[in-house]
Amino acid sequence: MSYEHQGEIQPTDEKLYKIRHSLAHVLAQAVLDFREGSTLGFGPPIRHGFYYDFALSSPINEEDFPEIERRMKKILKSGQRFYREDLAKNDALARLEEMGEPYKKEYAIELCEKFNLDTLTFFRNGPFVDMCEGPHVDTTRDIPRDAFKLRSVAGAYWRGDSDNQMLTRIYAWAFLTKGELDEHVDAYLKAQERDHKKLGRQLGIFAIDNEIGRGLPLWLPHGTVIRDELEKLACELEFKAGYKRVSTPHIAKRSLFYRTGHLPYYADDMYPPMELIEHTDSGEEVKEAYVLKPMNCPHHHKIFAAEPRSYRDLPLRLAEYGHVYRFEESGAVSGLLRVRGMCMNDAHIYCTEDQIKSEFLSVIQLYAEAYGILGLDQYYLRLSKCDPDDPKRAQKYVDNPVAWQTSETLLEELLIENDIEFVTGIGEAAFYGPKIDVQFRTITGRDESVSTVQLDFAVPARLELAYVGRDGELHTPYCIHRAPLSTHERMVAYLIEHYGGAFPTWLAPVQVLVVTVSEKFHQYGEQLVAELRSRFIRAELAPESDTVSKKIREGTIRKIPNMLVLGEREQEDQTVTLRRYGVGEQTVLPKNQFIEHIEKTISARAPEFLIN
RNA sequence: GCUCACAUAGCUCAGCCGGUAGAGCGCUUCCUUGGUAAGGAAGAGGUCAUCGGUUCAAGUCCGAUUGUGAGCACCA
């Protein structure tokens, strides 16, 4: 799955694939020449180009790129032919040994063992030889000299395993023509303007202060409006779907998490415990450790356990926007996407085995409804299963092969029966069960799980949760964990990038900016703002001392969805001139009609302004 | 956590080969009352991330720390 993240693509005969693959060899040739004594790792084509991993004899950084590119272009110009050579296994290994390529050799040995090979394929172009399956272009002259660009240098573990040595990876873009390259670089730069970290500051949505702590965002007034709107949406959808809201504390005794099975495995992902000294009635000192909760489920399970439950109570759906804290490693923390404190649109559905499918399905329908309202359509579902071949399996997953098998099959059937498209992610399951993750691609091209639905067949039993069945006996419920609107942090990050900061009216921190044409109409402006606010419409009056042009410019930069221009004409006729964000022409309409329309727009959570 | 890069005013950034800090925006005050993307003037604002080293002298060179970014690993 790690290759999935890097955007690795399957080998094809396509010209572009061959060009990218061949350019990787050209890069390697240039680098080995530039840094003698370096050795090779992997160098595959990827989504928009290719990369190559090196164990370098001395470091390279981006300042060296022009020189490396110059050498690459020279190689392209010289028209080296690509020759395929198939070598018997022992000859191949001997050659890799002689070439001084320990990583390639290690991989070669593994390939031979795994696939029982007796020959290995090499490609030679000019002085450069690489063990590689191809395919390649015929000669380096077939590669356009102006359609590639070295992009960045980064560390990457050999074979994607952090126990291995870290190699240096050089990423590059490569296309068929210079035009396509330029277009892609352009789009890349434009995408960076939509980065939620950048817009989040510009639009006053969140701030990160080092005295508060890394990964602990502060929500500014504008960001808090968005959170409140999302929360309101969730409450409405969940109310209609039969959820009950609950509320739980941010901390709990550490012992609870031992009982659920989260500890000791997840200790590294949790903030260290707070040690308390408590006194018993007899005056004895007792030490008690409390932890910040990394998830809400144990608390919700305890709400389930707070009363005797009957099968008639099921499915019981408990919902909470709950705060959780996870100690993410320093290198993982980023903006709102990976944080150490977050607020999750969480709920746990306790049900019988017979109810699992229908509950899962209604959760998926809830997702679809929520995403429809939010205008999100760029996502895919991933069925996340455990990895039975993982050597670390015992540390990663609950040991209950039968339950894994049944629950994974159940989810898979559910998706297939309902014609829901999905990909499968081996090794992506939760420790207590399989899940269906909703994957988004961020503006910077990274895939992230935004939401998740999980089936838990393990923890309710550990906490001895039970309900009285029709048969009068006690039974253990199943639990479905779900978070359609993700965490506020991730969802807002995603929404900022999705809308480029230009939110639809219902979500916009400021919904209406009132622009008066001169001081004379300021009072009319103030009255209008007051009237809008009395109807809970978030309206602001543009600063008095600015010129009209300046006010419009500021409103546009702030991406406020609706601006109302007020002057003599408007005051006399009790009208407003409506200027929508990103819309050229303006509309003049009676003030009351505007209010009526915007109220409709907001209550419908419409993506566009409803004029009728 | 790991690799590499970066850190100058609230924001965006300039500052050569070491000689003690600059612009635009924003902010404050004043003037301007302007019909659709920057009206004008003045002023305030910096221990150049922190700590240490080299040097007569460090924003500039070196080291460490912290933070940020691009990746890798991780991601209940």
Side-chain angles (χ1 to χ4, degrees), chain A residues 1-2 5-6 51 53 56 59-64 151-171 192 195 197-198 201-202 207-211 213-214 257 260-263 265-266 268-270 293-298 324 326-335 337-339 344 346 384 396-398 428-433 435 437 444-449 452 454 456 459 481 483 490 515-522 542 544-558 563 565-570 577 579 584-586:
Chain A
M1 283 315 285
S2 58
H5 283 267
Q6 294 153 8
Y51 68 76
D53 289 343
L56 293 171
I60 276 180
N61 59 45
E62 288 178 28
E63 285 168 24
D64 300 315
R151 177 161 63 108
S152 62
V153 45
Y157 297 108
W158 168 239
R159 314 287 324 253
D161 185 338
S162 58
D163 292 335
N164 290 340
Q165 192 194 330
M166 181 161 269
L167 307 178
T168 302
R169 174 171 300 177
I170 296 178
Y171 281 98
Q192 291 187 324
D195 188 298
K197 297 187 286 295
K198 186 167 182 161
R201 179 170 45 233
Q202 280 169 12
I208 297 194
D209 186 309
N210 200 29
E211 283 194 274
R214 200 183 223 184
F257 292 90
T260 58
H262 293 104
L263 286 170
Y265 301 135
Y266 291 90
D268 287 348
D269 299 280
M270 289 166 66
K293 60 177 175 181
M295 64 267 299
N296 299 301
C297 28
V324 297
R326 298 177 186 178
F327 193 78
E328 298 285 351
E329 286 181 300
S330 59
V333 171
S334 171
L337 275 176
R338 282 290 282 278
V339 291
M344 187 182 281
D346 217 349
S384 299
K396 279 177 134 172
Y397 308 113
V398 166
E428 302 283 350
F431 83 97
Y432 47 69
K435 49 185 182 144
D437 293 317
T444 46
R446 236 195 320 243
D447 283 358
E448 294 281 1
S449 293
T452 176
Q454 305 167 1
D456 179 353
V459 180
H481 304 236
R490 228 170 235 198
V515 172
T516 54
V517 145
S518 88
E519 200 182 49
K520 282 174 266 174
F521 315 105
H522 212 69
E544 205 177 331
S545 58
D546 287 345
T547 58
V548 180
S549 293
K550 181 73 178 287
K551 293 178 194 179
I552 300 277
R553 180 181 150 84
E554 287 299 315
T556 307
I557 289 170
R558 293 171 65 195
M563 281 191 263
V565 182
L566 304 185
E568 193 169 1
R569 296 195 294 271
E570 288 83 358
T577 295
R579 185 189 162 111
E585 71 212 67
Q586 307 182 127

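Note on naming: letters A, B, ... go to the chains in the order of the sequence lines (proteins, then strands), and numbering restarts at 1 for each one.
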Open item on the list: Each nucleotide in nucleotides 35-50 of chain B should get exactly one letter: B, S or -. Can you fill that in based on protein heavy atoms under 4.0 Å?
Closed with: BBBBB-----------
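- Pairing each heavy atom of A:Pro298 with each of A:Phe257, the nearest pair is CG-CE2, 3.6 Å.
- The phosphate of B:G1 (OP1 or OP2) has a side-chain N or O of A:Ser330 nearer than 4.0 angstrom.
- Checking B:A73, B:A76, B:U33 against the side-chain heavy atoms of A:Tyr157 singles out B:A73 as nearest.
- Heavy-atom minimum distance, A:Lys435 versus A:Ala430: CE-N, 3.8 Å.
- In the set B:C74, B:G71, B:G1, the nucleotide with an atom closest to the side chain of A:Glu328 is B:C74.
- Here the shortest heavy-atom pairing between A:Glu328 and A:Val339 reads CG-O, 3.3 Å.
- If you take atom C1' in B:A21 and the same atom in B:C30, they sit 29 Å apart, rounded to whole Å.
- For A:Arg338, the side-chain atoms get nearest to B:C75 when compared with the rest of B:C75, B:G67, B:G71.
- Straight-line distance between the C1' atoms of B:C31 and B:A37: roughly 24 Å, to the nearest whole Å.
- Among residues two or more places apart in sequence or in another chain, the side-chain hydrogen bond (donor to acceptor under 3.5 Å, both in side chains) test is passed with A:Arg151 by none.
- Nucleotides B:C61 and B:A76 have their C1' atoms positioned 48 Å apart, rounded to a whole Å.
- Every residue was checked against the side-chain hydrogen bond (donor to acceptor under 3.5 Å, both in side chains) condition with A:Gln202, not counting sequence neighbours, and none meets it.
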TODO: May I have the step-by-step check of side-chain contact (heavy atoms from CB on, under 4.5 Å) for A:Asn296 and A:His481, ending in yes or no?
DONE: CA-CA 10 Å; A:Asn296 299 301; A:His481 304 236; over 6 Å; no
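- One atom, CD1 of A:Ile170, and another, P of B:U3, lie 17 Å apart when rounded to the nearest Å.
- Put simply, A:Arg326 has no side-chain N or O that comes within less than 4.0 Å of OP1 or OP2 on B:A76.
- Between A:Asp268 and A:Met166, the one whose closest nucleotide on RNA chain B sits nearer the 5' end is A:Met166.
- Here the CG-OG1 distance, from A:Leu566 to A:Thr516, works out to 7.0 Å after rounding to the nearest 0.5 Å.
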Open item on the list: Using a 4.0 Å heavy-atom cut-off to protein, can you give one letter per nucleotide of nucleotides 4-15 of chain B, 5' to 3': B if the base is in contact, S if only the sugar-phosphate is, - if neither?
Closed with: -S-----SS---
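- The P atoms of B:G10 and B:C6 are separated by 23 Å, rounded to the nearest whole Å.
- Remark: the separation of the C1' atoms in B:A9 and B:A49 is 14 Å, to the nearest Å.
- The phosphate of B:C72 (OP1 or OP2) has a side-chain N or O of A:Tyr171 nearer than 4.0 angstrom.
- Residue-to-nucleotide proximity on RNA chain B shows that, of A:Thr516 and A:Ala430, the 5′-proximal contact is made by A:Thr516.
- Ion pairing of A:Asp195 with A:Lys197 is present here, as a side-chain N (NZ or NE/NH1/NH2) and a carboxylate O approach within less than 4.0 Å.
- Separating the C1' atom of B:U55 from that of B:U60 is a span of 13 Å, rounded to the nearest Å.
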- [ ] For RNA chain B, just give me the dot-bracket, please: Watson-Crick or G-U, both distances below 3.5 Å, ( ) intra-strand, [ ] crossing earlier pairs, | paired with another strand, . unpaired.
- [x] (((((((..((((.....[..)))).(((((.......))))).....(((((..]....))))))))))))....
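- Qualifying side-chain contact (heavy atoms from CB on, under 4.5 Å) partners for A:Glu554, counting only residues two or more places apart in sequence or in other chains: A:Lys550.
- For A:Glu568, the CD atom is loosely surrounded, since the number of other residues' heavy atoms within 6.0 Å does not exceed 12.
- Comparing the C1' positions of B:A7 and B:A14 gives an interatomic distance of 15 Å, to the nearest angstrom.
- In plain terms, the two heavy atoms of A:Val517 and A:Gly567 that are nearest each other are CB-CA, 4.0 Å.
- No donor-acceptor pair closer than 3.5 Å links the side chain of A:Arg326 to the backbone N or O of A:Met270.
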